[in-house]
Amino acid sequence: MIGLSERSFEAYLRESGILNATAIQQMESLTRVRSESVAALLRRTGMVAEEQLSHAMLRYTGWESVGLETLQPLEPVVRQSMIETGLSHAFCVQNGLIVWLTEGELNCATADFPGRSAGEVLQGKALQLGRAVRMWLARHGDVERLLAQLDTTGGRTAVHTGGNIAHLRELAEEGPIIELVNGLLSQAVTRRASDIHIEPGEAQFLVRVRVDGVMRELQRVPFDRFDATVCRIKILSQLDIAERRLPQDGRMTARIHGESFDVRVSVLPGVRGESVVLRLLRQDRQSYSLAGLGMLSDHAAMFEAWVKTPNGIVLVTGPTGSGKTTTLYTALDLGNDGLNKIVTVEDPVEYKLQGITQLQVNPDIGYTFASALRSILRHDPDVILIGEIRDQETASIAVQSALTGHLVFSTLHTNSGAGAVTRLVDMGIEPFLLASSLRGLMAQRLVRRLCPHCSQAVEHPSAQQTALLEGAVERARGVAPDMVSAKPQIRVPVGCDICLHTGYLGRIAVYELFDVDDALRHRILANTSETELIAELRQRGVRSMTDDGLLKAWVGITTVDEVLTV
């Protein structure tokens with residue numbers, strides 16, 4: 001009836017090399033546990049990408065594909081055909097089928113192989129109507145969307161659990177939902193994701209992950225599992241499952257592929273339902289060297305000098321997700337020689353460090369950065385790390401701490417290092433206090449690193465790229481002539497299994513660093529604008545983040561396009 005080969009789909013996947021023997025064995029064990037088709041299992045677990053799965057099914061069955069742009073206009077015809085064939089909406093939903101009649105044919109679009117009973121029903125209806133069955137392969141999300149539109153009982157609300165919290169909790173504790181949430185975490189870790197985004201849609205919800213700073217689709221799941229999935233995450237992160245009107249933040253600990261992760265959970269109500277973001281943080285933090293972070297030799301020497309200075313403020317600036325915390329933790333690693341008392345105030349504490357006192361603020365009970373800092377000073381610290389300077393009170397205490405003999409590291413959300421000066425002045429810090437307390441300023445961004453396994457050398461780069469690279473190299477040689485190689489080693493991304501065919505593997509930082517010397521202190525006292533400070537820095541040969549990135553493209557670490565994009 002549906003033109004399948006005598007060999008099983010599993011055998012076809014093995015013979016075509018889509019799944020290896022280990023994956024086949026894992027798949028068979030999962031299908032034994034649950035009554036689920038092979039295609040549905042592969043789609044749910046992400047063992048095979050949906051596009052690759054669709055191509056395999058088309059080759060295996062010999063069906064033709066049909067898209068939403070073709071199915072959508074057929075909605076009136078599908079409604080009428082359901083009446084003529086006697087196939088109920090419930091039957092179509094249960095089996096994932098879209099049916100419509102044409103002259104001589106009973107057409108059926110599906111994202112899966114119809115089960116034996118469903119196949120017999122279709123064959124029987126076709127025989128009654130004197131038509132032949134013609135099968136079409138559609139995207140799973142397209143089928144779900146059209147079936148939701150055909151639902152005369154209210155679409156999404158038919159599967160929405162509404163206010164039945166007890167029933168929702170029961171669903172969240174059942175095997176399919178537990179397996180779905182565990183599978184999402186497992187897939188995210190396998191893909192080296194930093195975040196998981198669960199976003200509700202119309203007939204399904206979308207799961208995306210952020211890999212090396214870029215969002216990528218992971219999975220589409222039928223909407224009837226959405227509430228239970230969110231409830232499962234809320235239970236694990238100790239959030240209120242009955243609250244759907246207000247944002248909530250929580251956390252949980254998970255062990256994935258033998259590693260322990262601290263998972264930060266954020267739930268945000270939206271017009272289509274709650275949007276959930278899970279941030280994955282390895283509990284066993286990887287220690288970085290300055291070179292591993294991406295600092296070239298001149299920047300590394302300057303940064304190490306800041307770490308060894310006895311007092312002053314070192315500020316790291318950049319947007320959220322630019323690697324500021326990793327840089328500051330590396331500074332603490334360098335300064336943690338057992339001879340200094342180091343205390344941190346963070347919100348939240350992302351990684352636990354040995355030999356360092358770490359405090360987590362709790363604004364709900366009045367334990368803010370400012371109140372924590374006042375208590376810290378009574379503990380006679382040598383080095384203080386403030387997670388972020390957010391207000392005038394915190395900034396004032398940081399400045400006073402630096403002036404009274406402490407080395408203070410902190411972050412600010414500004415676009416440049418020079419912007420930190422104007423931001424602190426805007427907060428109400430007097431310029432003469434800033435000029436006396438600031439020791440070093442830096443700004444950073446993250447760019448993707450080329451995959452070392454598949455990137456290829458470029459013999460003849462474009463004239464535009466050559467001009468950009470040579471300009472950055474000449475400016476760098478004017479300051480540090482021995483730092484940059486004479487011969488370029490420009491490379492481009494290709495893509496392989498190791499980097500998930502993106503051409504990039506991991507990220508590296510690009511920096512702008514400069515000392516606050518006497519000349520800059522005079523500029524700060526004169527209340528110089530950010531634009532004038534930047535012009536002064538360029539005149540003095542301070543390398544911009546763009547130039548720093550282009551130097552890394554010159555030596556084949558990243559690409560010009562990536563630097564200019566970031």
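All values below come from the heavy atoms of this structure, side chains included, with hydrogens, waters and symmetry mates left out.
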**Prompt:** Under a 4.5 Å cut-off applied to non-hydrogen side-chain atoms, are Trp136 and Trp100 in contact?
**Reply:** yes

Would you call Asp262-Arg251 a salt bridge at under 4.0 Å N-O?
yes

Rounded to the nearest 0.5 angstrom, the CG-CG distance for Leu280 and Leu278 is 7.0 Å

Ser322 backbone acceptor or donor facing Gln444 side chain under 3.5 Å: yes

| task | Report yes if the side chains of Pro348 and Arg264 come closer than 4.5 Å at any heavy-atom pair, otherwise no. | result | yes

In this structure, CE of Met82 is separated from CG of Leu97 (nearest 0.5 Å) by 10.5 Å

All heavy atoms of Phe303 vs all of Met442, minimum pair found to be CE1-SD, 3.7 Å

Closest non-hydrogen atoms of Met135 and Pro114, given as atom of the first, atom of the second and distance, are CE-CG, 3.6 Å

Taking every heavy atom of Gln456 against every heavy atom of Val494, the minimum-distance pair comes out as CG-CG2, 3.5 Å

Does a side-chain N-to-carboxylate-O contact under 4.0 Å join Arg449 and Glu562? no

Scanning both residues in full, the closest heavy-atom pair of Met252 with Ser237 reads CB-CA, 4.1 Å

(message) Under a 3.5 Å distance rule, please check whether Arg139 uses its side chain to pair with a backbone N or O of Asp142 as donor and acceptor.
(response) no

Shortest non-hydrogen pair, Cys108 vs Leu122, comes out as SG-CD1, 3.9 Å

Using side-chain heavy atoms (C-beta onward) and a distance below 4.5 Å, is Leu106 in contact with Thr85?
yes

Rounding to 0.5 Å, atoms CG (Leu168) and SG (Cys231) come to a distance of 4.0 Å

By salt bridge (Lys or Arg N to Asp or Glu O under 4.0 Å), Asp212 pairs with (sequence neighbours left out) Arg192

**Prompt:** Taking the side chain as C-beta and beyond, is there a heavy-atom pair between Val563 and Thr558 under 4.5 Å?
**Reply:** yes

Review point. Would you find more than 12 non-hydrogen atoms of other residues, nucleotides or ligands less than 6.0 Å from Arg145 atom CZ?
Key: no

Just by distance, do the side chain of Asn95 and the backbone of Phe91 share a donor-acceptor pair under 3.5 Å?
yes

To the nearest 0.5 Å, atom CD of Glu217 lies from atom CD of Glu199 at 9.5 Å

Taking CD in Gln72 as the centre, count heavy atoms belonging to other residues, nucleotides or ligands within less than 6.0 Å. Is the count above 12?
yes

*Presence of salt bridge, Arg232 and Glu173, under 4.0 angstrom*: yes

Take atom CG in Asn336; do more than 12 heavy atoms of anything else shown fall under 6.0 Å from it?
yes

Between Asp249 and Val265, is any pair of side-chain heavy atoms under 4.5 Å apart?
-> no

Exercise for the section: Show your reasoning for whether side-chain contact (heavy atoms from CB on, under 4.5 Å) applies to Val133 and Asn107. Expected result: CA-CA 6 Å; Val133 175; Asn107 296 272; over 6 Å; no

- Query: If only atom types and distance count, is the side chain of Thr229 paired as donor or acceptor with the main-chain N or O of Arg225 below 3.5 Å?
  - Reply: yes

Only residue of Gln354, Lys352, Gln358 satisfying side chain to side chain contact (heavy atoms under 4.5 Å, CB included) with Ile356 is Gln358

**Request:** Return yes if a side-chain donor-acceptor contact under 3.5 Å exists between His257 and Ser186, otherwise no.
**Result:** yes

- Please report the C-alpha distance between Asp227 and Val230 in whole Å, then the side-chain angles of each, then the deciding distance to 0.1 Å, and finally whether the side-chain contact (heavy atoms from CB on, under 4.5 Å) criterion is met. CA-CA 5 Å; Asp227 284 338; Val230 174; 5.7 Å; no

**Message:** Quick check: do Cys499 and Cys454 have side-chain heavy atoms less than 4.5 Å from each other?
**Reply:** yes

Taking the side chain as everything from C-beta on, heavy atoms only, tell me whether Ile342 gets closer than 4.5 Å to Leu385.
no

Without swapping roles, check the side chain of Gln248 against the backbone of Glu243 for a donor-acceptor pair under 3.5 Å. yes

Task: Flag if over 12 foreign heavy atoms under 6.0 Å of CZ, Arg279 - done: no

So CZ of Phe369 and CZ of Arg390: to nearest 0.5 Å the spacing works out to 4.5 Å

Whether Arg79 and Glu75 form a salt bridge (side-chain N of Lys/Arg under 4.0 Å from carboxylate O of Asp/Glu) is what I want to check. yes

### Query
Does one side chain, of Thr330 or Asp333, offer a donor that lies under 3.5 Å from an acceptor on the other?
no

Check: Can you tell if the side chain of Arg220 reaches within under 4.5 Å of the side chain of Val207, non-hydrogen atoms only?
Finding: no

Any Lys/Arg nitrogen of Glu64 or Arg134 sitting under 4.0 Å from an Asp/Glu carboxylate oxygen of the other?
yes

>> Side chains of Arg59 and Tyr12 only: does a donor on one sit below 3.5 Å from an acceptor on the other?
In response: yes

TODO: Please test Thr411 against Thr317 for side-chain contact (heavy atoms from CB on, under 4.5 Å), starting from the C-alpha separation and ending with a verdict.
DONE: CA-CA 6 Å; Thr411 70; Thr317 69; over 6 Å; no

- Would you find a donor on one side and an acceptor on the other, under 3.5 Å apart, between the side chain of Lys324 and the backbone of Gly387? no

Donor-acceptor pair, side chain of Lys552 and main chain of Gly294, under 3.5 angstrom | yes

| message | As a quick check of understanding, evaluate side-chain contact (heavy atoms from CB on, under 4.5 Å) for Thr344 and Thr357, giving each step before the final call. | response | CA-CA 6 Å; Thr344 75; Thr357 302; over 6 Å; no

* Asked: Any side-chain donor-acceptor pair under 3.5 Å between Arg255 and Ser260?
  -> yes

Closest non-hydrogen contact found for Pro493 with Tyr504 is CG-OH, 3.7 Å

One should read off an interatomic distance between His197 NE2 and Ser275 OG, to the nearest 0.5 angstrom, of 8.0 Å

**Asked** For the residue pair Tyr60 and Phe9, is the inter-centroid distance of their aromatic rings smaller than 6.0 Å?
**Response** yes

